[in-house]
Structures are given as structure tokens and as C-alpha cells.
Amino acid sequence: MAMKGCLSVTKYFLFVFNLFFFILGGLMLCFGLWILFDRSSFASLIIGSSSPTLKFWSYVFSGTGILTMLLGFLGCLGSLKEIKCLLGFYFAFLLLLFATQITLGVLAYTQRNTLKNTVGEYVRHIIKNYGNHTKQTDMEENLDFTQEQVECCGWYAPEDWLNNQKINENSSVSLYPCSCRNVSATRNNIANVTEIYEARSGFCTTKAGEKWPVYQTGCMNSIQNFILNNSICIVGVCIGIALLELFVMTLSMCLCRNLDQNYNKLARYS
């Protein structure tokens with residue numbers, strides 16, 4: 001009797017837990033579609049108005065929502081109807097997700113220097129060819145968005161922009177990327193406020209020989225500092241998610257193993 005009651009509690013706990021996740025997944029999917037199609041929404045103003053930024057976050061929310069809904073559906077139906085195959089799929093899906101997270105975490109830690117150098121070369125390639133197109137590419141807009149939001153310039157240092165072809169070609173004027181502009185510095189020195197040059201290309205101009213009024217920190221250092229300053233929160237969230245996945249996997253496996261071996265719920269629907 002005690003075992004039967006324990007299984008009932010486990011069954012309905014899994015159902016309610018996964019019902020919550022199914023609803024959460026649906027909300028995330030709707031939110032992702034909303035910020036993709038409604039460019040004037042309040043969420044678009046918070047996340048960023050650039051097209052690639054909106055697309056990226058839309059795909060992130062939509063993809064996460066679909067996976068969360070799928071996981072919640074398998075857990076809800078499998079636990080409520082006591083269908084072993086669905087509980088098995090639910091357990092396998094969680095196990096695959098858990099293994100993927102562990103693998104990505106280990107690879108990111110062990111290959112962090114290689115990853116840092118690879119990303120650095122990629123960003124410097126974007127910087128070198130920045131402004132050579134008639135219209136800004138998605139990667140250029142992403143770079144602008146990152147430099148504005150993180151308040152950084154270049155990958156290693158602002159000097160990375162000295163390799164830009166557009167800046168080197170225009171020797172008559174001193175160009176610098178507008179997304180790097182240190183707004184507080186220009187406000188403190190009104191006389192040196194720059195005027196936008198070729199707004200489409202994303203460059204601003206200043207007096208010849210004058211120091212660029214840009215952020216002096218490279219984006220690599222800014223991102224590293226952000227991760228270090230929030231490392232406790234990041235590690236805590238990762239551990240919490242991992243423990244939650246292990247707990248739910250254990251419950252689903254216990255429920256699946258203790259169901260009546262001679263009773264197949266799928267026979268109802270055949």
C-alpha cells in the first residue's frame with residue numbers, strides 16, 4: 001500500500017511539474033515569435049533593435065520553447081497515462097540533454113584558450129573588412145551591438161581597428177567606429193563632439209591627429225571580467241539545473257520500473 005501511494009505521488013508530481021514546463025515552453029515560443037514579427041514591441045527595445053540581434057534571440061527563445069514543450073509533453077502524458085515508452089523517451093531526452101551540457105562545459109573549459117584565439121581571429125577579420133559592403137552585414141551589426149552594450153572597442157584593444165581597410169584608405173580624415181564612441185567622454189568635452197561620417201558605414205570622424213574618443217577596453221577583457229564577476233551565479237545556476245535534471249530523471253526511471261509489467265497502456269489506443 002505504501003509503495004502504491006508513493007508511486008501515485010511520484011506520478012502526479014511528474015505530471016504537474018512537466019505541465020508547468022509545457023506551459024513555460026509555450027510562453028517562450030510565443031515570446032520568440034512576438035519579438036521576431038513585431039519589431040515595435042517593448043521587448044525589441046530591451047533586447048536591441050538591430051535585425052540580427054532580434055533574429056538571434058527569437059531563434060533562441062523559439063528553439064528553447066519547442067524543446068521545453070516537447071519535454072513537458074513526454075513527461076505529462078507518460079506519467080499521467082503510465083505509458084512506459086514515453087517515460088523511456090522522457091528519461092533518454094533528459095539524459096542526452098544532461099550529457100550534452102556536461103560535454104559542452106568540459107570542452108569550453110579545456111579548450112578555452114583555443115576558443116578565445118579562434119573567436120579573436122574571427123572578430124579581427126570582421127573588423128578588417130568592416131564598412132566595405134554597401135549595407136552592413138549581420139556580423140557587423142552584431143559587432144556594433146556588442147561594443148555599444150558591453151562598452152568595449154575591438155577584441156584585444158581599440159588598436160585592432162587600425163587594421164580596418166576603410167580607416168587606412170581615408171588618410172585625409174580620422175575615422176573611428178561609432179559603436180566604440182565613449183559617450184561620457186564626448187559629453188565631458190563638448191568641443192570635441194564628433195559628427196557622423198558616412199552613417200551607413202558606421203564610422204565617425206574626428207580632427208586629424210586627435211585621439212579617438214572611444215572605450216579603451218577590448219571586448220575580450222570586458223567579457224572575461226563579466227564572467228569572472230558573475231562566476232558564482234553562473235556556476236550556481238548550472239549546478240541547480242544539473243541537480244534538477246538528475247532528480248527528475250530518477251523519478252521518471254523509478255516510476256517506469258515500478259509500473260505493472262503485464263499492463264500496457266498503449267493497448268487502449270490500438
Side-chain angles (χ1 to χ4, degrees), residues 1-38 41-44 46-47 54-108 230-270:
M1 180 68 70
M3 178 62 71
K4 190 173 181 180
C6 184
L7 287 178
S8 297
V9 171
T10 303
K11 166 183 171 180
Y12 289 108
F13 174 81
L14 278 176
F15 171 74
V16 173
F17 180 83
N18 286 284
L19 179 62
F20 167 76
F21 266 83
F22 183 82
I23 296 173
L24 178 63
L27 292 176
M28 293 179 69
L29 176 60
C30 293
F31 184 73
L33 296 176
W34 177 45
I35 62 177
L36 178 64
F37 294 110
D38 187 6
S41 65
F42 178 71
S44 301
I46 297 176
I47 295 174
L54 285 178
K55 286 182 180 179
F56 172 76
W57 285 109
S58 172
Y59 295 152
V60 168
F61 280 112
S62 299
T64 305
I66 291 173
L67 290 177
T68 305
M69 289 180 67
L70 176 61
L71 188 63
F73 173 78
L74 292 175
C76 281
L77 192 59
S79 59
L80 186 65
K81 297 299 183 180
E82 300 179 8
I83 303 176
K84 283 191 172 183
C85 64
L86 290 184
L87 287 174
F89 278 123
Y90 179 72
F91 175 83
F93 191 89
L94 275 177
L95 182 62
L96 178 62
L97 183 62
F98 181 77
T100 302
Q101 292 169 346
I102 296 295
T103 303
L104 290 177
V106 172
L107 288 176
N230 297 275
S231 57
I232 296 178
C233 295
I234 295 173
V235 172
V237 169
C238 292
I239 293 176
I241 293 175
L243 292 177
L244 179 63
E245 289 173 348
L246 287 174
F247 175 68
V248 176
M249 279 194 293
T250 303
L251 289 183
S252 64
M253 182 52 62
C254 289
L255 181 61
C256 186
R257 286 173 61 90
N258 289 281
L259 291 178
D260 187 359
Q261 299 290 333
N262 298 319
Y263 183 61
N264 186 0
K265 293 286 182 178
L266 287 178
R268 290 183 177 181
Y269 311 106
S270 60

[Y] and [X], any side-chain heavy atoms less than 4.5 Å apart:
{"X": "L255", "Y": "L251", "answer": "no"}
{"X": "F20", "Y": "V16", "answer": "no"}
{"X": "K81", "Y": "L86", "answer": "no"}
{"X": "T68", "Y": "F22", "answer": "no"}
{"X": "L96", "Y": "T100", "answer": "yes"}
{"X": "V248", "Y": "F91", "answer": "no"}

* Asked: For F89, does the CZ atom have more than 12 heavy-atom neighbours from other residues, nucleotides or ligands under 6.0 Å away?
  ->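 No, CZ of F89 has 12 or fewer neighbouring heavy atoms, counting only those of other groups under 6.0 Å.
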
* Answer yes or no: are there more than 12 heavy-atom neighbours, outside L104 itself, under 6.0 Å from its atom CG? =>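 Enclosed.
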
* side-chain contact (heavy atoms from CB on, under 4.5 Å) between Y12 and L80: does it pass, once the steps are laid out? -> CA-CA 7 Å; Y12 289 108; L80 186 65; 4.0 Å; yes

* Return the orientation label for the F31 and F61 ring planes: parallel under 30°, perpendicular over 60°, tilted otherwise. =>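 F31 and F61: perpendicular rings.
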
* May I ask you to decide if the ring planes of F21 and F17 are parallel, tilted or perpendicular, using 30° and 60° as cut-offs? =>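 Aromatic pair F21/F17 classed tilted.
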
At what distance, to the nearest 0.5 angstrom, does [atom1] of [X] lie from [atom2] of [Y]?
{"X": "C256", "Y": "K84", "atom1": "SG", "atom2": "NZ", "value": "6.0 Å"}
{"X": "N18", "Y": "Y90", "atom1": "CG", "atom2": "OH", "value": "3.5 Å"}
{"X": "L243", "Y": "F98", "atom1": "CG", "atom2": "CZ", "value": "8.0 Å"}
{"X": "L77", "Y": "L87", "atom1": "CG", "atom2": "CG", "value": "9.0 Å"}
{"X": "E245", "Y": "L97", "atom1": "CD", "atom2": "CG", "value": "4.5 Å"}

Do you know the tightest heavy-atom contact between [X] and [Y]?
{"X": "C76", "Y": "L19", "result": "SG-N, 3.1 Å"}
{"X": "M28", "Y": "T64", "result": "CE-CG2, 3.4 Å"}
{"X": "L33", "Y": "S58", "result": "N-OG, 4.5 Å"}
{"X": "L71", "Y": "L94", "result": "CD2-CD2, 3.9 Å"}

